[in-house]
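All chains are named by letter (A, B, ...) in the order of the sequence lines, taking the proteins before the strands, and each is independently numbered beginning at 1.
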Amino acid sequence: MRLSKYFLPILRETPKEAEIVSHRLMLRAGMLRQESAGIYAWLPLGLRVLNKINAIVREEQNRAGAIEMLMPTIQSADLWRESNRYDDYGKEMLRIKDRHEREMLFGPTNEEMVTEIFRAYVRSYKDLPLNLYHIQWKFRDEVRPRFGVMRSREFLMKDAYSFDLDQASAEHSYARMFTAYLRTFARMGLKAIPMRADTGPIGGKLSHEFIILASTGESEVFCHKDFLDFDAPPADIDFDDAKAVGGVVEKWTSRYAATSDMHDVSAFGALSGDDQVSARGIEVGHIFYFGTKYSEPMRAVVNGPDGKETPVHMGSYGIGPSRLVAALIEANHDDAGIIWPAAVAPFHVGLANLKVGDAATDAACADLYARLTKAGIEVLYDDRDERPGAKFATLDLIGLPTQVIVGPKGLADGKIEMKDRRTGARETLSPDEAFNKLAASGGL
RNA sequence: CGGGGUAUAGCGCAGCCCGGUAGCGCAUCUGCUUUGGGAGCAGAGGGUCGCAGGUUCGAAUCCUGCUGCCCCGACCA
């Protein structure tokens, strides 16, 4: 993409409404535009990151055996009356009336709807287990939206729903998602720690929040130091093997970890001082097993091997991709701007032409841009007629992992410069060497 | 939902106390010079001062009501 033809409204000064660093940087980097309290438009650069996150989430959900679909944002109130949650949910639910005065709502979550879909089609235990998910906008009319997309009213959520014949099988489904979540966050360069969680209004017995540690996190968390060194499960783990994924859950729940809600001061105090990690965290995922809480009132039943009807055991599994964008920035930034982990970077390479209009510089940039693009590397080519300083500042702000800097001085010696945004390390090399290096790493 | 702020050009702000027809920096546009870490000079454009009432010869400024937004607390992907 040529920056001269892109839509990247960079702000030099920080809009005053932004308090935390991720919000500030998202506004400054032209990723996001607030349209109303807690409601945001995703500008092109922001959308690219959101899509990268979604792609990883999707790959790992699919790998774990979940099946993607798409449910609507608007739901009928009647559905929610079946589960008795229409009144329970309170003012956080945005209620809407259509032209026929029918009561509708903007979905804050989809347990009811997916249960309705399940019961419409599935009759036999032979069709289980089943896990359906979608990535869809949700609306929760938060009392106090804040921190940009970290706590917005409209937000994107990946929500998966598992259906099983019995609790043992449901626990396997839970372990699949537990494992998939560890992999998902690790692929984004995040260390997420599963912590025992309160089940809240969703209900249920078994629940974990996935928390990443960040000094600006909203909640206070406590865990064992060992978690920081645990490796995520490998890609080739057999998700169908209940023992294998069960082992992952066992390992990752073998040490103390809790949010302040569930914190047990004496259990934590029993750890040696060196092992105690007390920090702040951001919740990026939350998984629940809630048994027959919805299947019973909503009559989602299957015939078991014995021919008897039995309500299915369910779980739900949420990740907030829009919140993850903010969480990733909280965990990856410096004074100059964002530092994207390669896996979610909106572009892999920022190519800066330091002297637009200089024939040799223009030609070298055009050539590199074409070759890299052809090699499948996503390049943002800054071909604007700006001074070098402005280009460096822009590239640092938007945080692309690799900067390729081409100027007349270096080119006189046949050299260009490659800079690693995270470490600041620079190398001087020929355009061919730079191309080969980037092509070999796939831009990552 | 309780408490506290705030609203003036795209962004950041001054002006308000003490009423007299709106200003600064950045950004934008034009020209010239400049070109390896947010350049310099000259010029230009852009605002019914959040909305609605009121007081006054006259309101960004004083009064009343409303709305938006932000922050702190109680609640949440």
Side-chain angles (χ1 to χ4, degrees), chain A residues 9-20 23-24 27-28 30 33-39 57 89-93 107-111 135-160 181 197-202 207-212 218-219 259-261 282-288 316-327 335-337 352-358 361 382 384-397 403 405-412 415-417 419 424 426 428:
Chain A
I10 300 274
L11 303 180
R12 237 175 121 151
E13 280 167 289
T14 306
K16 64 176 173 185
E17 77 262 17
E19 181 70 13
I20 62 166
H23 192 194
R24 284 204 298 265
L27 293 171
R28 288 233 295 130
R33 164 92 189 159
Q34 178 166 340
E35 291 299 335
S36 186
I39 299 180
V57 168
Y89 221 93
K91 290 197 165 175
E92 264 193 37
M93 186 149 77
T109 178
N110 281 65
E111 278 83 7
I135 300 176
Q136 177 64 290
W137 294 95
K138 303 293 189 288
F139 196 94
R140 295 186 187 172
D141 200 356
E142 293 278 344
V143 187
R144 189 180 159 213
R146 59 183 130 170
F147 305 146
V149 292
M150 190 78 85
R151 172 163 308 290
S152 51
R153 294 196 292 169
E154 186 182 55
F155 61 97
L156 193 60
M157 180 159 88
K158 183 287 300 181
D159 38 328
Y181 274 34
D198 191 7
T199 54
I202 306 260
S207 176
H208 287 92
E209 285 179 7
F210 287 76
I211 304 273
I212 62 166
E218 279 197 279
S219 38
T259 61
S260 53
D261 292 350
I282 301 169
E283 181 185 352
V284 290
H286 200 159
I287 62 179
F288 303 87
S316 74
Y317 314 90
I319 290 180
S322 49
R323 171 182 283 184
L324 265 172
V325 176
D335 289 344
N353 181 340
L354 294 193
K355 192 163 187 179
V356 170
D358 177 272
T361 314
D382 190 347
R384 298 170 305 163
D385 188 12
E386 291 282 347
R387 296 172 61 84
K391 298 198 172 192
F392 294 137
T394 297
L395 282 182
D396 285 348
L397 174 63
Q403 299 175 3
I405 298 157
V406 180
K409 287 185 187 169
L411 273 186
K415 300 291 185 190
I416 64 175
E417 193 173 285
K419 179 183 148 190
R426 299 159 185 272
T428 303

What's the gap between [N] and [M] when it is taken at their [atom1] atoms, as a whole Å value?
| N | M | atom1 | answer |
| --- | --- | --- | --- |
| B:U61 | B:G50 | C1' | 16 Å |
| B:A22 | B:C26 | P | 22 Å |
| B:C17 | B:C62 | P | 5 Å |
| B:C66 | B:A77 | C1' | 34 Å |
| B:C75 | B:C1 | C1' | 10 Å |
| B:A7 | B:C51 | C1' | 11 Å |
| B:G38 | B:C32 | P | 24 Å |
| B:U56 | B:U64 | C1' | 16 Å |

Practice prompt. Decide, yes or no, whether a salt bridge links A:D358 with A:K409 under the criterion of side-chain N to carboxylate O below 4.0 Å.
Written response: no
Worksheet item: Just checking A:S152: base, sugar-phosphate only, or nothing, at a heavy-atom cut-off of under 4.0 Å?
Response: base
Discussion item. Heavy atoms only, 4.0 Å cut-off, all strands: where does A:K138 land among base, sugar-phosphate and nothing?
Written reply: nothing
Fill in: Side-chain donor/acceptor of A:K91 to backbone N/O of A:V143, under 3.5 Å
no
Quick check for you: to the nearest 0.5 Å, what is the distance between [X] atom [atom1] and [Y] atom [atom2]?
| X | Y | atom1 | atom2 | answer |
| --- | --- | --- | --- | --- |
| A:M157 | A:F139 | CE | CZ | 14.0 Å |
| A:N353 | A:I416 | CG | CD1 | 11.5 Å |
| A:E19 | A:M150 | CD | CE | 12.5 Å |
| A:Y181 | A:H208 | OH | NE2 | 13.5 Å |

Write down the partner of [N] under the Watson-Crick or G-U wobble criteria, each distance required to be under 3.5 Å.
| N | answer |
| --- | --- |
| B:G73 | B:C1 |
| B:G38 | none |
| B:C29 | B:G43 |
| B:A14 | none |
| B:U6 | B:G68 |
| B:C62 | B:G54 |

Worksheet, complete the sentence: Smallest heavy-atom separation, A:T14 atom then A:R28 atom, equals OG1-CD, 3.6 Å
Practice prompt. Please step through side chain to side chain contact (heavy atoms under 4.5 Å, CB included) for the pair A:L354 and A:T361, ending with a clear verdict.
Written response: CA-CA 8 Å; A:L354 294 193; A:T361 314; 5.6 Å; no
Worksheet item: Mapping A:A37 and A:I319 onto RNA chain B by nearest heavy atom, which one lands closer to the 5' end?
Response: A:A37
In whole Å, I'd like the distance from the [atom1] atom of [X] to the [atom2] atom of [N].
| X | N | atom1 | atom2 | answer |
| --- | --- | --- | --- | --- |
| A:D141 | B:C1 | CG | P | 10 Å |
| A:E142 | B:A77 | CD | P | 9 Å |
| A:K16 | B:G50 | NZ | C1' | 12 Å |
| A:E218 | B:A74 | CD | C1' | 13 Å |
| A:E17 | B:G12 | CD | C1' | 12 Å |
| A:D261 | B:C75 | CG | C1' | 10 Å |
| A:E19 | B:G73 | CD | C1' | 15 Å |
| A:R144 | B:G3 | CZ | P | 15 Å |

Worksheet item: Could you write nucleotides 28-44 of chain B as a row of B, S and -, 5' to 3', where a protein heavy atom under 4.0 Å of any base atom gives B, of only sugar-phosphate atoms gives S, and otherwise -?
Response: ------BBBBBB-----
Between [X] and [N], is there a contact of a side-chain N or O with OP1 or OP2 at under 4.0 Å?
| X | N | answer |
| --- | --- | --- |
| A:Q34 | B:C70 | yes |
| A:K91 | B:C1 | yes |
| A:S36 | B:C69 | yes |

Practice prompt. List the steps, then state whether side chain to side chain donor-acceptor pair (under 3.5 Å) holds for A:D396 with A:Q403.
Written response: CA-CA 9 Å; A:D396 285 348; A:Q403 299 175 3; 2.7 Å; yes
Fill in: Side chain of A:E13 - closest among B:A77, B:G12, B:C75
B:G12
